[in-house]
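In what follows, a single structure is set out as structure tokens and then discussed.
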Amino acid sequence: MALEAIQTVTQAEAKAKADREAAAAQVKQKLAEAQREARQSVEQARQKAREEARQMMAQAESKAAQLTQEELERAKQDCEALKQNARGRLNEAAQLIVGRVVER
């Protein structure tokens with residue numbers, strides 16, 4: 001009977017050891033899966049952030065190009081107005097010069 005009790009205890013210890021090893025293996029597997037999923041989540045977040053940054057840069061460049069074009073158009077209009085003003089005063093300037101030359 002004592003031999004049977006020893007065998008039962010030995011078997012119980014062996015089963016407990018096997019259960020602990022199985023549980024440890026399961027924990028390692030779950031940990032590895034969690035780490036893999038975390039890496040995937042981080043990479044997806046980085047990719048999303050890169051794409052959003054790319055889109056923001058494209059929008060900023062587009063807006064800058066539009067503002068530059070608008071400013072160039074305003075400058076062109078200002079130059080044209082100055083030319084028209086100068087042309088309108090060209091006869092007056094010519095008469096002033098002729099008047100001064102004749103006076104001498």
Side-chain ion pair, R50 and E43, N-O less than 4.0 Å: yes
Neighbour count above 12 (heavy atom, 6.0 Å) for R54 CZ: yes
Carboxylate-amine/guanidinium proximity below 4.0 Å for K30 and E33: no
Gap separating the NZ atom of K83 from the CG atom of N85, nearest 0.5 angstrom: 13.0 Å
Residues, nucleotides or ligands: over 12 heavy atoms within 6.0 Å of E92 CD: no
Salt bridge flag under 4.0 Å for residues R74 and E71: yes
Straight-line distance of E4 CD to T8 OG1, nearest 0.5 Å: 7.0 Å
Any donor-acceptor N/O pair, S41 side chain to E37 backbone, under 3.5 Å: yes
Q55 CD to E52 CD distance, which is reported to the nearest 0.5 Å: 7.0 Å
Separation between OG1 of T10 and CG of L3, rounded to the nearest 0.5 Å: 9.0 Å
side-chain contact (heavy atoms from CB on, under 4.5 Å) between L72 and K76, intermediate numbers included: CA-CA 6 Å; L72 287 172; K76 181 180 175 183; over 6 Å; no
Separation between CG of D19 and CD of Q26, rounded to the nearest 0.5 Å: 10.5 Å
Side chains of E73 and Q69, donor plus acceptor under 3.5 Å: no
